[in-house]
Amino acid sequence: MAFRLANINERAALVEGDSWYDLERASGRALGPDSMAAIAAHAALHDVAAGLKDLEPDGSVAEVSFGPPVPSPRNCLAIGLNYQTHADEAGLELPTVPLVFTKFPSCITGPDSDVELRTETGDYEVELVVVIGQGGRDIPADQAWDHVAGLTCGQDVSDRRLQFAAKPPQFALGKSRDTYGPIGPVVVSVDQFADPTQIDLGCTINGEQRQADNTRNMIFSVADLIAYLSSIMTLAPGDIIFSGTPEGVGGPKKIYLQPGDVIVSTIEGIGTMTNTCV
Ligand code: ZN
């Protein structure tokens, strides 16, 4: 049975329909409240999810605010220029190996949290975020999906000026301002998707559609990225990978985020994040 893992009241929870269930309670205390431990125990979450139908929920999802479902990843990796259309709009050459940078985990925030703009050059990037469930080194691409606990939505909020301030550019800081990494609302297990390599994703700003694409158009697939990254570093449960954004970001048109802007990011089968810029 598929699961939808959330972070509610700073405790791991499972979501089913409009209801949520505290994981420690729903698992009969077999699992604890720690979200990172829950991801490492992802195999057991399937069984707990299957038993939810026999339990009273803890409440309705409409009544609670969600925290980031992966609140403290050890590593938060991100991929640049992974859709041809986005590389074209940025006027940048297509990478021949994955262009990898870090979003420092301190930038991670919740799916409905405010984005605290610090400069005039903030920009949005909706992305599919891969949550590693089983670590490993030298993971072959054809086994990569077995290492994924689930998928979630992410906003790779970027300070464009800071991103390109140093020569040669080092993306990490421009991608890592506090609150520049909303993720959520839930981590959805891979078995929930008819085809996890073909998922619609999109983003609106103040209701205007800015991004709309499908993950089938990635240059380096999720499996390729896991194989590549694990050939360099050992991946661990709870590591997350922002897998790149499609075209439609504001930077190339010099349209940047303003205080009051509402970023709505949606991924098919996962849900919607609503982040207000302040
Ligand atoms: Zn990005």
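Numbering of residues begins at 1 and proceeds along the displayed sequence. Each ligand, and each atom within it, is numbered from 1 in the order the structure gives.
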Restricting to N, O or S atoms, which atom of D156 is closest to the Zn ion (ligand 1)? OD2

Is the side chain of S176 donor-acceptor paired with the backbone N or O of F104 at a distance under 3.5 Å, no angle test? yes

Please tell me whether D88 and T85 have a donor and an acceptor in their side chains that are separated by less than 3.5 angstrom. no

Name whichever N, O or S atom of E127 ends up nearest to the Zn ion (ligand 1). OE2

Within 45° of the axis and under 6.0 Å from the centre of the six-membered ring of Y180, does NZ or CZ of K175 qualify? no

Establish, from distance only, whether the side-chain atoms of T119 and D159 form a donor-acceptor pair under 3.5 Å. yes

Identify, by name, the N, O or S atom of E125 lying closest to the Zn ion (ligand 1). OE1

